[in-house]
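See structure below.
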Protein chains: 2
Amino acid sequence: MAPKMTTSSYAVLALLDLKPWTGYELTHQAQRSLRYAWPKSERLLYSEPKKLVDLGFATTHQEDSGGRTRNVYTITAAGRDALGEWTRTRTQPPRLEIEALLRLLFADHGSREDLLGALDELEMDIGEHHQAIVELMASYLGGGHPFPQRTHLSVLFATFQIEMFKSIERWIEFAREEIDEWSTTQDLGMTPRTETLTRLLAQDQSPVNP
Amino acid sequence: MAPKMTTSSYAVLALLDLKPWTGYELTHQAQRSLRYAWPKSERLLYSEPKKLVDLGFATTHQEDSGGRTRNVYTITAAGRDALGEWTRTRTQPPRLEIEALLRLLFADHGSREDLLGALDELEMDIGEHHQAIVELMASYLGGGHPFPQRTHLSVLFATFQIEMFKSIERWIEFAREEIDEWSTTQDLGMTPRTETLTRLLAQDQSPVNP
DNA sequence: AGGGTCTACTGCAACTTGCAGTACGGGTGA
DNA sequence: TCACCCGTACTGCAAGTTGCAGTAGACCCT
């Protein structure tokens with residue numbers, strides 16, 4: 001049986017269409033550029049190009065660099081065709097895994113400090129990525145984009161990230177203020193404040209300050 | 001070897017702490033309430049409670065309902081202890097999988113229509129969830145929360161979701177307007193408009209209208 | 001009586017991750 | 001100079017997770 005093309009396979013194939021890469025470069029480049037849209041492990045990123053070779057969507061050859069050998073992968077015509085077909089298929093629904101929110105949902109098993117700690121951790125994780133993308137944009141202004149003709153795509157993508165990160169950071173600040181008013185994490189139930197919030201949300205209004 | 005407790009195991013254990021559930025109820029309840037924080041497959045949600053029994057964190061017994069048997073799971077004292085310890089551990093970093101954004105990053109392999117189609121699909125997926133949460137909040141106002149004493153947690157969690165959904169929907173609208181100005185998806189590179197955006201982002205300002 | 005839907009799961013192959021392990025080359029400090 | 005650490009460049013494997021197919025009883029409608 002021929003292996004199946006997954007979304008991850010197409011992601012790697014799309015990178016190969018930009019230029020040939022070694023397995024090592026591919027794993028690092030994919031983790032840098034795709035992390036916020038399609039996060040995948042280094043391990044998988046080493047396996048995907050081999051599958052593409054099996055399917056005839058890429059070729060591989062060994063190259064010498066400083067006495068060491070490494071595998072270089074190049075896209076084939078069939079690979080380009082496959083990419084073109086992929087763009088016409090149905091997109092998978094988004095999927096957000098945020099453990100800090102799971103901690104919030106079950107915060108009544110722990111203390112206020114545990115909950116605030118989980119929010120701090122979320123803030124730090126988001127903050128790192130936020131800072132990285134701002135710096136990346138500054139580097140683009142100096143002509144630092146590795147594929148200059150693709151800058152319009154990277155930048156539109158970056159607006160999504162900045163918008164997301166700012167939005168999450170605003171919510172964290174909001175949540176901290178709410179939690180500061182709580183005496184405990186347990187059994188508060190429908191307090192007057194919670195009722196106000198619920199009423200707003202039921203009218204599709206966000207109580208988070210922009 | 002005893003099986004390992006994953007974040008998913010703790011999520012199920014936290015549900016079991018609310019009340020005993022049957023496997024079937026657990027899978028459906030978890031998919032409803034945890035979908036936006038910790039999305040897991042029905043299949044896994046059937047397996048987790050068995051693991052909890054193996055570890056001594058839950059007990060199981062068969063019950064009769066309409067002639068059919070079903071497995072009812074109940075948390076143990078050891079299970080409650082384990083939950084308490086979990087709240088003090090490090091939270092995993094968030095992980096966002098959004099295939100529509102992958103399509104955007106590699107939109108130069110397809111047409112403007114393909115890209116706009118991917119955004120439409122994202123908008124529809126988000127829209128469904130958005131509407132569902134607004135309706136859920138309306139039902140809470142009528143006293144519809146299954147565990148009323150936990151309403152404050154559910155509602156604070158819901159503010160996150162509403163904020164996220166609105167934010168993504170605003171960005172989609174923004175992205176559509178940008179793409180409408182494009183003649184093609186390919187090789188536009190650093191246009192004057194893209195440079196304006198890049199400059200804003202490099203100053204950590206979002207060009208998306210609130 | 002047959003068909004469809006809901007309840008209530010299990011088995012299995014395939015996808016994905018984390019971690020350990022292998023191995024080479026270059027720079028740095030004692 | 002040589003031990004050690006870091007970066008390059010991967011592979012193997014166990015364990016976590018998903019999707020799909022399959023099983024089977026109960027209930028309802030036509």
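Proteins get letters first, then strands, A, B, ... in listed order; numbering begins at 1 in each.
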Rounded to whole angstrom units, what separation is found between the [atom1] atom of [X] and the [atom2] atom of [N]?
X       : N      : atom1 : atom2 : value
B/Asp54 : D/dG16 : CG    : C1'   : 16 Å
B/Leu45 : C/dC9  : CG    : P     : 13 Å
B/Arg70 : C/dC6  : CZ    : P     : 17 Å
B/Gln31 : D/dT18 : CD    : C1'   : 11 Å

Output yes when B/Arg103 and B/Glu121 qualify as a salt bridge under the 4.0 Å nitrogen-oxygen rule, no when they do not. no
Does B/Thr22 use its side chain to pair, donor to acceptor, with the backbone of B/Asn71 at less than 3.5 Å? no
State whether the side chain of B/His109 and the backbone N or O of A/Leu83 hold a donor-acceptor pair below 3.5 Å, judged by distance alone. no
Can you give me the N/O atom pairs linking the protein to nucleotides 17-19 of chain C at distances under 3.5 Å, or say none if there are none?
unit_1: C/dT17; atom_1: OP1; unit_2: B/Arg95; atom_2: NH2; d: 2.9
unit_1: C/dT17; atom_1: OP2; unit_2: A/Ser41; atom_2: N; d: 3.1
unit_1: C/dT17; atom_1: OP2; unit_2: A/Ser41; atom_2: OG; d: 3.0

In terms of the angle between their ring planes, are B/Phe165 and B/His130 parallel, tilted or perpendicular, with boundaries placed at 30° and 60°? tilted
Below 30° counts as parallel, above 60° as perpendicular, anything between as tilted: where do the rings of B/Phe147 and B/His145 land? perpendicular
Students often get this wrong, so: under 4.0 angstrom with heavy atoms, is A/Glu48 touching a base, only sugar-phosphate, or nothing? sugar-phosphate
Map B/Tyr46 and A/Trp38 onto DNA chain C by nearest heavy atom, then report which one ends up closer to the 5' terminus. B/Tyr46
If you draw a 6.0 Å radius around CD in A/Gln205, do more than 12 non-hydrogen atoms from other residues or ligands fall strictly inside? yes
Is the phosphate of D/dT11, meaning OP1 or OP2, less than 4.0 Å from a side-chain N or O of A/Lys50? yes
With a cut-off of less than 4.0 Å, is there a side-chain N or O of A/Asn71 near OP1 or OP2 of D/dA9? no
What are the residues of residues 6-30 of chain A, sorted by number, that bring a heavy atom to within less than 4.0 Å of DNA chain D? A/Thr22, A/Gly23, A/Tyr24
Determine the minimum heavy-atom distance between [X] and [Y], stating which atoms define it.
X        : Y        : answer
B/Leu115 : B/Leu104 : CD1-CA, 3.7 Å
A/Ile126 : B/Pro94  : CD1-CG, 4.0 Å
B/Glu48  : B/Ser9   : OE1-OG, 2.9 Å

